[in-house]
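Worksheet: one structure, shown below.
Computation of the quantities below employed the complete heavy-atom set of this structure, encompassing side-chain atoms and omitting hydrogens, waters and symmetry-equivalent molecules.
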Amino acid sequence: MPLEREEYLDIMLEQLHEYNDEFLMHGRDVSAFVNNNFLHLAEIGADPNVIRNITTAQLPLAPTFRTDTLLSFQLDNWTTEPFVAPAFEEKILAYPKAQSFFKQHTGKLMRTVADYCYYSIAPNANTTDTPVLETSGAVNAAGNKGLTDTDVKSLAEKFDDLNISAEGRHLWLTPNMYYELIGTNEAMQFAAMMKSSGASNTPEYVDVWGFKIHRRTGGALYDAALTKQAHGSANANLYRGAFAYVENETFFAAKGTVEVGVEPRPVSYEGDLVNAKVRYSAQALRQKIMGAIVQK
């Protein structure tokens with residue numbers, strides 16, 4: 001007995017709802033505030049001044065007004081190109097086969113969403129509030145300076161100077177930078193040795209100067225002046241950056257509708273035409289509480 005169309009559509013919907021990208025999970029989830037795929041938030045204005053031991057001569061204090069900025073936008077609409085879903089004939093085998101088949105498509109959709117958000121949230125430039133540093137190690141085979149333990153320490157010190165919370169700091173490195181850091185950091189070396197030996201108590205994350213270290217391909221591209229370039233820019237004369245932020249403080253993420261579209265078994269195809277759609281956006285709350293290390 002073949003797998004019914006409704007059954008494999010449920011498989012796709014379940015996969016789209018359950019997919020969790022680790023990076024996106026570190027954002028503040030504001031999906032509850034989505035209405036008809038529109039999100040309405042307010043960017044908080046400046047902090048108030050604080051006065052110690054106020055005197056009568058200072059009274060009355062002049063009031064100030066906090067100016068919040070309304071953030072209102074429609075969630076991005078992400079969709080796959082239609083693909084042909086083959087006939088899943090024997091139900092005892094069809095269900096796991098359908099799960100595997102659709103996981104490839106739903107996984108690619110959500111990874112594309114996550115990669116775009118990861119790029120777009122990274123700091124726009126090196127500023128007082130968003131430190132973007134350069135690597136300082138020996139020149140590697142690609143002609144760029146390697147990442148060192150000292151580089152991570154320098155970024156941690158910048159975060160400290162800005163009074164950024166020490167809790168929930170994360171640093172995502174490119175694979176190349178990740179392995180370079182192993183070469184200069186003892187904690188990374190020890191964790192790598194434990195993992196290669198198959199030790200059961202290998203730590204999930206390594207803490208380096210207060211940052212939980214992660215590895216991810218891609219990342220924002222910066223020019224020589226440490227200004228982020230548009231997503232999709234050619235790599236020539238640009239440099240890839242590692243991204244640092246604070247969990248639940250740096251950016252928000254919101255999911256809207258999740259849909260699966262189907263055109264039942266057109267004559268010209270031996271299967272249904274199916275595509276997946278999701279409304280999803282993630283953005284920086286403000287250009288603060290983040291930083292980067294660019295490999296130049």
Side-chain angles (χ1 to χ4, degrees), residues 20-34 37-47 66-78 110-133 155-156 158-174 210-214 216-223 225-233 238-256 278-294:
N20 286 317
D21 183 89
E22 186 177 7
F23 165 71
L24 292 177
M25 290 173 66
H26 293 160
R28 187 180 301 172
D29 186 1
V30 294
S31 300
F33 300 101
V34 174
N37 292 317
F38 275 86
L39 183 63
H40 305 281
L41 297 172
E43 181 178 2
I44 298 173
D47 292 333
R66 193 182 79 178
T67 303
D68 294 345
T69 302
L70 178 64
L71 300 176
S72 180
F73 59 91
Q74 189 174 33
L75 300 185
D76 288 332
N77 184 18
W78 301 88
M110 295 309 298
R111 284 194 304 273
T112 301
V113 173
D115 289 345
Y116 176 84
C117 294
Y118 178 68
Y119 192 108
S120 62
I121 293 169
N124 294 332
N126 181 31
T127 69
T128 301
D129 291 324
T130 58
V132 178
L133 311 182
L155 186 60
K158 290 287 187 181
F159 272 43
D160 292 343
D161 292 342
L162 291 168
N163 291 319
I164 294 175
S165 172
E167 298 296 323
R169 293 184 184 183
H170 296 267
L171 175 60
W172 290 78
L173 305 174
T174 66
F211 291 107
K212 288 183 179 178
I213 302 299
H214 308 264
R216 190 187 192 101
T217 56
L221 289 168
Y222 292 83
D223 63 15
L226 303 180
T227 300
K228 187 173 73 174
Q229 302 303 291
H231 183 267
S233 297
L238 298 178
Y239 309 95
R240 194 72 69 177
F243 180 29
Y245 58 88
V246 175
E247 189 171 339
N248 290 324
E249 295 293 335
T250 300
F251 67 95
F252 65 82
K255 181 187 287 185
V278 62
R279 289 278 193 170
Y280 198 102
S281 288
Q283 292 188 19
L285 290 165
R286 52 202 178 279
Q287 281 293 302
K288 289 184 178 181
I289 318 180
M290 65 172 80
I293 305 175
V294 175

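- Rounding to the nearest 0.5 Å places CG of L75 at 9.0 Å from CZ of F38.
- Not less than 6.0 angstrom separates the ring centroid of Y119 from the ring centroid of F243.
- With hydrogens and angles disregarded, a donor-acceptor distance shorter than 3.5 Å links the side chain of T250 to the backbone of I289.
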Residues D115, R216; criterion salt bridge (charged side-chain N to carboxylate O under 4.0 Å, His left out); working and verdict: CA-CA 9 Å; D115 289 345; R216 190 187 192 101; 3.1 Å; yes
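- Two residues are said to be in side-chain contact when any heavy atoms from C-beta on lie closer than 4.5 Å; Q287 and P123 meet this criterion.
- Listed here is the closest heavy atom pair of L155 and A244: CD2-CB, 3.6 Å.
- Shown here is F73, whose CZ atom has more than 12 heavy atoms of other residues, nucleotides or ligands within 6.0 Å.
- For the side-chain contact (heavy atoms from CB on, under 4.5 Å) criterion with V132, the lone passing option out of N124, T127, N126, I293 is N126.
- Between L162 and P131, the shortest heavy-atom contact is CD1-CD, 3.8 Å.
- The list of salt bridge (Lys or Arg N to Asp or Glu O under 4.0 Å) pairs with a residue in residues 123-133, not counting sequence neighbours, is empty.
- Scanning for ring-ring contact (aromatic ring centres under 6.0 Å, His included) contacts around F251 gives F23, Y245, with sequence neighbours left out.
- Remark: side-chain polar atoms of T130 are paired, donor with acceptor, to backbone N or O of A125 under 3.5 angstrom.
- For the atom pair CZ (R169) and NZ (K212), the distance works out to 13.0 Å, reported to the nearest 0.5 Å.
- In this structure, CZ on R279 lies 4.0 Å from CG on N77, to the nearest 0.5 angstrom.
- Proximity of L39 to F252: side-chain heavy atoms (C-beta onward) are separated by under 4.5 Å at one or more points.
- Closest non-hydrogen pair, M290 versus R286, comes out as CE-O, 3.6 Å.
- A distance of 9.0 Å separates CD in Q74 from OG in S281, rounded to the nearest 0.5 Å.
- Shown here are the ring-ring contact (aromatic ring centres under 6.0 Å, His included) partners of Y116, two or more places apart in sequence or in another chain: W78, H231.
- Distance NE2/H26 to CD1/I121: 12.0 Å, rounded to 0.5 Å.
- Counting only heavy atoms from C-beta outward, the side chains of K228 and L221 never approach each other to under 4.5 Å.
- Scanning all heavy atoms of the two residues, the minimum distance from S165 to V246 falls at O-CG2, 4.0 Å.
- Across all their heavy atoms, G256 and V34 have their closest contact at CA-CG1, 4.3 Å.
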Stepwise side-chain contact (heavy atoms from CB on, under 4.5 Å) check, L173 with H214: CA-CA 6 Å; L173 305 174; H214 308 264; over 6 Å; no
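- Every residue two or more places apart in sequence or in another chain was checked for a side chain to side chain donor-acceptor pair (under 3.5 Å) with N248, and none qualifies.
- Separation of atoms CZ (R28) and CD (E249) is listed at 5.5 Å; rounding is to 0.5 Å.
- The side-chain heavy atoms of V278 and M110, taken from C-beta on, include a pair separated by under 4.5 Å.
- Contacts of H40 classified as ring-ring contact (aromatic ring centres under 6.0 Å, His included), with partners at least two apart in sequence or in another chain: none.
- Under the ring-ring contact (aromatic ring centres under 6.0 Å, His included) criterion, Y280 pairs with no residue, sequence neighbours left out.
- When all heavy atoms of S31 and A254 are compared, the pair lying nearest together is OG-CA, 3.6 Å.
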